[in-house]
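What follows is one structure encoded as structure tokens, with my remarks underneath.
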Amino acid sequence: MQLGLIGYYSDFVVYPLVIAVLGVAGLIEAGEEGAPDWIGTVLICLGLWTLIEYVLHRFVLHHIPWIRDLHDRHHVEERSPVGTPTWLSLGVHALVAFLPVWMVSGFVTASAVSCGLMLGYLWYISVHHMIHHWHPAHPSYLYTLKRRHAVHHHVDESANFGVTSIFWDRIFGTARP
């Protein structure tokens, strides 16, 4: 969706705040004994985010008609503030991850899962913003991601779906140098 500048940049404020609040509350609830498991769950879900990012980009952003049209616009207008409103992404996260996990496993696990997934999402939107708006030094990590993403935008949109990682593109055969 076309967003105003406040709508576009709000993720960079809201997500760190939500992650911090959930993290503190989850760790307090987990206690000293449960903290290592809580941190482990966060790290596992942070890694899981890379697969979710790949699947969403490959199958949702490129194949679901209305969403595909919005994503196609992003391919044409790379620097315009097109994205998912914070209220929508947080709402989906709450309904798909946080609340179901809380109902099945409790608040501690739900907070850890949510923190991991939201940290992954925050990393994704940060990297995606940087590769479209910054000019990273050669041959930095960010420069490599920017080149891979440029191939996706301008050469072959059926390749390089991972924005933060090439791992799943290699696993599923969609990596293109």
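Bear in mind that the values here come from a model prediction, so they are computed numbers and not experimental data.
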Original post:
Which is it for His132 and His153 under the side-chain contact (heavy atoms from CB on, under 4.5 Å) test, yes or no, and what are the steps along the way?
Top reply: CA-CA 11 Å; His132 281 294; His153 270 255; 3.5 Å; yes

**OP:** List, by chain and then residue number, the residues other than Val13 in its hydrophobic cluster (Ile/Leu/Val/Met/Phe/Trp/Tyr, side-chain heavy atoms under 4.5 Å); write none if there are no others.
**Re:** Leu17

Original post:
What's in the same ILVMFWY side-chain cluster as Val151, cut-off under 4.5 Å, chained through other members?
Top reply: Val155

Cluster question for you: counting only ILVMFWY and a side-chain heavy-atom cut-off of under 4.5 Å, with indirect links fine, are [X] and [Y] together?
{"X": "Val108", "Y": "Met103", "value": "no"}
{"X": "Val127", "Y": "Ile125", "value": "yes"}
{"X": "Val24", "Y": "Val21", "value": "no"}

Under the rule for side-chain hydrogen bond (donor to acceptor under 3.5 Å, both in side chains), what residues qualify as partners of [X], not counting sequence neighbours?
{"X": "Ser126", "value": "none"}
{"X": "His138", "value": "Tyr143"}
{"X": "Trp123", "value": "none"}
{"X": "Thr41", "value": "none"}

**OP:** Walk me through it: do Arg58 and Trp168 pass the test side-chain contact (heavy atoms from CB on, under 4.5 Å)?
**Re:** CA-CA 11 Å; Arg58 182 173 181 185; Trp168 297 109; over 6 Å; no

[Y] and [X], any side-chain heavy atoms less than 4.5 Å apart:
{"X": "Val163", "Y": "Arg148", "value": "no"}
{"X": "Ile52", "Y": "Leu117", "value": "yes"}
{"X": "Phe107", "Y": "Leu22", "value": "yes"}

Looking at [atom1] of [X] and [atom2] of [Y], how far apart are the two atoms once the value is rounded to the nearest 0.5 Å?
{"X": "Asp11", "Y": "Thr84", "atom1": "CG", "atom2": "OG1", "result": "8.0 Å"}
{"X": "Tyr124", "Y": "Thr50", "atom1": "OH", "atom2": "OG1", "result": "13.0 Å"}
{"X": "Thr164", "Y": "Ile131", "atom1": "OG1", "atom2": "CD1", "result": "9.5 Å"}

Original post:
Where the side chain of His152 meets the backbone of Phe161, is there a donor-acceptor pair that is under 3.5 Å apart?
Top reply: no

Original post:
For residues 12-32, which residue pairs qualify under side-chain hydrogen bond (donor to acceptor under 3.5 Å, both in side chains), counting only residues two or more places apart or in two chains?
Top reply: Tyr15-Ser89

Subject >> Derivation and outcome, side-chain contact (heavy atoms from CB on, under 4.5 Å), residues Lys146 and Met130 >> reply: CA-CA 8 Å; Lys146 183 178 180 102; Met130 289 184 276; over 6 Å; no

Could you pull out every donor-acceptor pair under 3.5 Å between side chains of residues 170-177 and any protein atom, sequence neighbours left out?
{"unit_1": "Thr174", "atom_1": "OG1", "unit_2": "Tyr54", "atom_2": "OH", "d": "2.9"}
{"unit_1": "Thr174", "atom_1": "OG1", "unit_2": "Asp169", "atom_2": "OD1", "d": "2.6"}
{"unit_1": "Arg176", "atom_1": "NH1", "unit_2": "Asp156", "atom_2": "OD2", "d": "3.3"}

Original post:
Can you list the residues that meet the side-chain contact (heavy atoms from CB on, under 4.5 Å) rule with Leu119, with sequence neighbours excluded?
Top reply: Ile19, Val42, Leu46

Original post:
Of all residues at least two apart in sequence or in a different chain, which pass the side-chain contact (heavy atoms from CB on, under 4.5 Å) check with Ser105?
Top reply: Val101, Thr109

Which pairs would a plain distance check flag for residues 90-98, meaning a side-chain donor or acceptor within less than 3.5 Å of a matching protein atom at least two apart in sequence or in another chain?
{"unit_1": "His93", "atom_1": "NE2", "unit_2": "Ser114", "atom_2": "OG", "d": "3.1"}

Subject >> Ring-ring centroid check His154 His149, cutoff 6.0 Å >> reply: no

Original post:
So, for His133 and His128, is the gap between ring centers shorter than 6.0 Å?
Top reply: no

Subject >> Sequence neighbours excluded, every pair satisfying ring-ring contact (aromatic ring centres under 6.0 Å, His included) that has a member inside residues 27-52 >> reply: Trp49-Tyr121

